[in-house]
Novice: 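Quick one: the structure is below, questions incoming.
One is the number of the first residue; the rest follow in order along the sequence.
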Amino acid sequence: MKDFAGTATLVRLALRRDRIMLPVWIVVFVSLAAGSAKASIDLYPDVASRVEAANTSNASPALVSLYGRIFDPTSLGEVSLFKLTSFGALLVALLAAIVVVRHTRGEEESGRLELLSAGVLGRYASLTAALIVSAGTVIVMGLLTALSLIGTGLPASGSFAFGLTWAVAGLTFAGVGAVTAQLTEGARTANGLTAVVLGVSYVLRALGDSASDGGSRWISWLSPIGWAQQIRPFAGDRWFVALLPLALMVVLVAAAFALVRRRDVGAGLVRPRPGPATAAPSLRSPLALAWRLQRGSLYAWGFAFLLLGFIVGNIASNVDGFVSSDSAKELVEKLGGVNGITDAFLSAEMGVLGLLASAFGIQAALRLRSEETALRAEPLLATGVTRAQWLASHVLIALLGTAALVLIGGLGSGISSGASLGNMGRQVPRMLAAAAVQLPAIWLVTALVVALFGFAPKLVTGAWVLFGAFLLIGQFGPIFDLPQGLMNVSPYAHTPRLPGGDFSAGPVIWLSAIAAVLLATGFTTFRRRDIG
């Protein structure tokens, strides 16, 4: 048992470090499921409306590829939550893997684990603690999600099956994260490998689900995400399918423990290639270095936004099939903030793209703190690079990167919806405008990270807490009829609702001005504090 010595101490340390992040994400995921279920009671009040919506979804290859197939068109629970079954499992799986990598490879990369290992700490303690924290997070999330769905009036059996769907996906990819953490010497590389495995799994699931009847639907059974979906909550509740992802998790965890013994602390099984002795001319500026560090992430996000834009635009021409009742149309128009069901849908979806772009902005701006804590910023600032230049390089990537993402998403949705509606020349400019008006709110959230980094760097990850609060208020405020004063706290509540709505320059100017003040605060306070 000496190999596991210190596990409990590392579990307490991990929970203390993530005492804000993990509860926030649990609340976000549980609220997403409960909010979707509550909204669907109004969207699909009878069996006929549910069957119509399900048939429309199953007839759309884009929707089936993105979210999966609806197995029981008459089930309120499945029609309500089909968008969150496989897609939600994808997000939970990503969170579970990131937690494992953060508390294993991330701790080794920072040098903290080596210091701890000098005391009474077993070889397996770090990996075991990370798996306990990650597994506990997804299990609690699945249980609370099930209870929240029961609270909305959905059947208990299907609710617990849905929670199990998320939990087993998270457990499986916690195992994947444990393996990738042993292969590489960097946490970002380990997360990247995990994302590749997760992406392949989702694509296999999409290929199988979108295959024609009698075709290649068996392909989805090659995917852990497909296994989670095949539990079929609210459509048969096939509990036995959960044994497949759980068995894979056991194999992956066993492999990770075996790999731990084959390497030294801080080393990976795959050694990184040495770089050139001198930097290329294209790397001889702070901005070029920031671009080099962030370009891979931006490319991946850009591809995802283009794909999402195409899918959103393709769905727009069929949106009437999902919302046949007057109450359903009223709800969608409330979310979109405009009249006209197609424009309301596109407006709401552009708001979602704005939220996703904000997540990239936060991630890109947080790279400042990771470079500082990894002691890479101080040697750079010891040269002729000023603090303002270094800070501006990463801030510029964050601001321009978010702009590129939403415009790519707007372009994709404009082309797709224009082709579907037969008026591309009109739709592309409208969707680009709808994307552009998201930027002031996105930049304000990004600027919050910069201000926290300059003023209180230890609290900079609190930006995720604010983002989660803004997301919940913005997405579920209209559904739960929250007071307008509370909804106004979110910067996204002031974004003009385009396409179809009235444009007002006032909110755009105010959001931009607040973002500028926050950026200036971040630059000023960073110049006056110590590094580290």
Novice: If a pair satisfies salt bridge (Lys or Arg N to Asp or Glu O under 4.0 Å) and one of its residues is in residues 8-17, list it, with sequence neighbours excluded.
Specialist: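 Sorted result for residues 8-17: R17-E107.
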Novice: Would a 4.5 Å heavy-atom cut-off, applied to side chains only, mark S413 and E349 as touching?
Specialist: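 No; the side chains remain at least 4.5 Å from each other.
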Novice: Please assess D18 against R102 for the test side chain to side chain contact (heavy atoms under 4.5 Å, CB included), listing each intermediate value before the final yes or no.
Specialist: CA-CA 10 Å; D18 292 345; R102 169 178 165 82; 2.9 Å; yes
Novice: Can you name the residues that form a ring pair (Phe, Tyr, Trp, His ring centres under 6.0 Å) with W301, not counting sequence neighbours?
Specialist: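 Scan of W301 (ring pair (Phe, Tyr, Trp, His ring centres under 6.0 Å), adjacent residues dropped) gives F360.
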Novice: Just by modelled atom types, is the L399 backbone N or O under 3.5 Å from a matching donor or acceptor in the T402 side chain?
Specialist: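 Flag set: sc T402 to bb L399 pair under 3.5 Å.
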Novice: Look up atom CH2 in W443 and atom CG in L519, then write down how far apart they are to the nearest 0.5 Å.
Specialist: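 With rounding to 0.5 Å, CH2 (W443) is 10.0 Å from CG (L519).
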Novice: When you compare the side chain of I311 with that of S416, does any pair of heavy atoms fall below 4.5 Å?
Specialist: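 A side-chain contact is absent here, since even the closest heavy-atom pair is not under 4.5 Å.
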Novice: When you look at Q438 and T495, which way does the side chain to side chain donor-acceptor pair (under 3.5 Å) test go after all the steps?
Specialist: CA-CA 6 Å; Q438 308 294 325; T495 299; 4.5 Å; no
Novice: Any ring-ring contact (aromatic ring centres under 6.0 Å, His included) involving residues 371-416? Give me the pairs, sequence neighbours left out, ordered by first then second residue.
Specialist: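 Counting only pairs at least two positions apart or across chains, the ring-ring contact (aromatic ring centres under 6.0 Å, His included) contacts touching residues 371-416 are W390-H394, W390-F526.
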Novice: Check whether any side-chain N or O of T128 sits under 3.5 Å from a backbone N or O of T7 as a donor-acceptor pair, and report yes or no.
Specialist: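 Here the side-chain-to-backbone pair does not exist.
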Novice: Give the C-alpha distance, both sets of side-chain angles, the deciding distance and a yes or no for side chain to side chain contact (heavy atoms under 4.5 Å, CB included) between F257 and L131.
Specialist: CA-CA 11 Å; F257 277 107; L131 288 170; 4.1 Å; yes
Novice: Can you give me the closest heavy-atom contact between V460 and F453, atom names plus distance?
Specialist: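 Taking V460 first and F453 second, the nearest heavy atoms are CG2-N, 4.0 Å.
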Novice: Under 3.5 Å, is there a donor-acceptor pair between the side chain of R430 and the main chain of G414?
Specialist: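 Judged by distance alone, no pair lies under 3.5 Å.
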Novice: If you define the side chain from C-beta out and look only at heavy atoms, does anything of Y492 sit under 4.5 Å from S358?
Specialist: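 Of all side-chain heavy-atom pairs linking S358 with Y492, at least one is under 4.5 Å.
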Novice: If you take all heavy atoms of A256 and Q182, which pair is closest and at what distance?
Specialist: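 So the minimum-distance heavy-atom pair works out to O-CG, 3.9 Å.
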Novice: Do R528's NZ or CZ and the ring of F455 fall within the cation-pi criteria of under 6.0 Å and 45°?
Specialist: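 Ring-cation test returns no.
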Novice: First locate atom OG1 of T446, then atom CD1 of I442, and finally report the distance between them rounded to the nearest 0.5 Å.
Specialist: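 Here the interatomic distance stands at 7.5 Å.
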Novice: Could you give the distance from CG (L22) to CG (L95), rounded to the nearest 0.5 Å?
Specialist: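 Going from the CG atom of L22 to the CG atom of L95 covers 7.0 Å.
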Novice: Do other residues, nucleotides or ligands put more than 12 heavy atoms under 6.0 Å from R295 CZ?
Specialist: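 Yes.
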Novice: Does R529 form a salt bridge (charged side-chain N to carboxylate O under 4.0 Å, His left out) with E372? I'd like the steps, not just the answer.
Specialist: CA-CA 13 Å; R529 71 171 176 83; E372 184 181 18; 2.8 Å; yes
Novice: Taking the inter-plane angle between the rings of W25 and W464 on a 0 to 90° scale, is it parallel (under 30°), tilted (30 to 60°) or perpendicular (over 60°)?
Specialist: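 Aromatic pair W25/W464 classed tilted.
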Novice: Which residue pairs pass the salt bridge (Lys or Arg N to Asp or Glu O under 4.0 Å) test when at least one of the two sits in residues 376-404, sequence neighbours left out?
Specialist: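 Qualifying pairs: E371-R376.
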Novice: Do S126 side-chain atoms and H103 backbone N/O form a donor-acceptor pair below 3.5 Å?
Specialist: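 It does hold such a pair.
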Novice: State the CG-CZ distance between L84 and F29, to the nearest 0.5 angstrom.
Specialist: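 Between atom CG of L84 and atom CZ of F29 there are 9.5 Å.
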Novice: With sequence neighbours excluded, what pairs up with R527 under the salt bridge (charged side-chain N to carboxylate O under 4.0 Å, His left out) test?
Specialist: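 Salt bridge (charged side-chain N to carboxylate O under 4.0 Å, His left out) check on R527 returns nothing, list empty.
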Novice: Which pair of heavy atoms, one from A174 and one from V100, lies closest together, and at what distance?
Specialist: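 Closest heavy-atom pair between A174 and V100: O-CG2, 3.8 Å.
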Novice: Please examine the side chains of L289 and L380, heavy atoms only from C-beta on, and report whether any two atoms are closer than 4.5 Å.
Specialist: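 Answer yes - side chains close enough.
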Novice: Do you know which two heavy atoms are closest between V406 and M350, and how far apart they sit?
Specialist: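 Of all heavy-atom pairs spanning V406 and M350, the closest is O-CE, 4.4 Å.
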Novice: What are the two closest non-hydrogen atoms of A129 and L10, and how far apart are they?
Specialist: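 Shortest heavy-atom separation between A129 and L10 comes out as CB-CB, 3.6 Å.
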Novice: Within the 4.5 Å heavy-atom criterion, are V92 and M141 side-chain neighbours or not?
Specialist: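 With C-beta onward as the side chain, the pair touches.
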Novice: Does the side chain to side chain donor-acceptor pair (under 3.5 Å) test come out yes or no for T194 and T180, once each step is laid out?
Specialist: CA-CA 7 Å; T194 303; T180 59; 3.0 Å; yes
Novice: How far does OG1 of T137 sit from CD1 of I132, to the nearest 0.5 angstrom?
Specialist: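 If we round to the nearest 0.5 Å, T137:OG1 and I132:CD1 are 11.5 Å apart.
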Novice: Hey, are the side chains of Q389 and S285 touching, using non-hydrogen atoms and a 4.5 Å cut-off?
Specialist: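 SC-SC contact between Q389 and S285 ruled out.
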Novice: Just how far is it from atom CD1 of I98 to atom CE of M21, taken to the nearest 0.5 Å?
Specialist: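 Result: 8.0 Å between the selected atoms.
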Novice: Could you check whether any side-chain heavy atom of V200 comes within less than 4.5 Å of a side-chain heavy atom of L204, counting everything from C-beta outward?
Specialist: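 V200 vs L204: side chains touch.
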Novice: If every non-hydrogen atom of P499 is compared with every non-hydrogen atom of S347, which pair is closest and at what distance?
Specialist: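 Of all heavy-atom pairs spanning P499 and S347, the closest is CD-N, 4.0 Å.
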Novice: Could you tell me whether the side chain of P491 reaches within less than 4.5 Å of the side chain of F470, counting heavy atoms only?
Specialist: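 In short, these two side chains touch, coming nearer than 4.5 Å.
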Novice: Set out, in order, the CA-CA distance, both residues' side-chain angles and the distance that settles side chain to side chain contact (heavy atoms under 4.5 Å, CB included) for R367 and S370, then state yes or no.
Specialist: CA-CA 5 Å; R367 187 62 188 259; S370 64; 3.2 Å; yes
Novice: ring-ring contact (aromatic ring centres under 6.0 Å, His included): which pairs involve residues 169-206, sequence neighbours left out?
Specialist: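 Sorted pair list comes back empty.
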Novice: Would the distance check show the side chain of S134 and the main-chain N or O of A96 forming a donor-acceptor pair, the cut-off being under 3.5 Å?
Specialist: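 Side chain of S134 to backbone of A96: a pair is present.
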Novice: Pair L518, V450 - check side chain to side chain contact (heavy atoms under 4.5 Å, CB included), show working.
Specialist: CA-CA 7 Å; L518 289 171; V450 179; over 6 Å; no
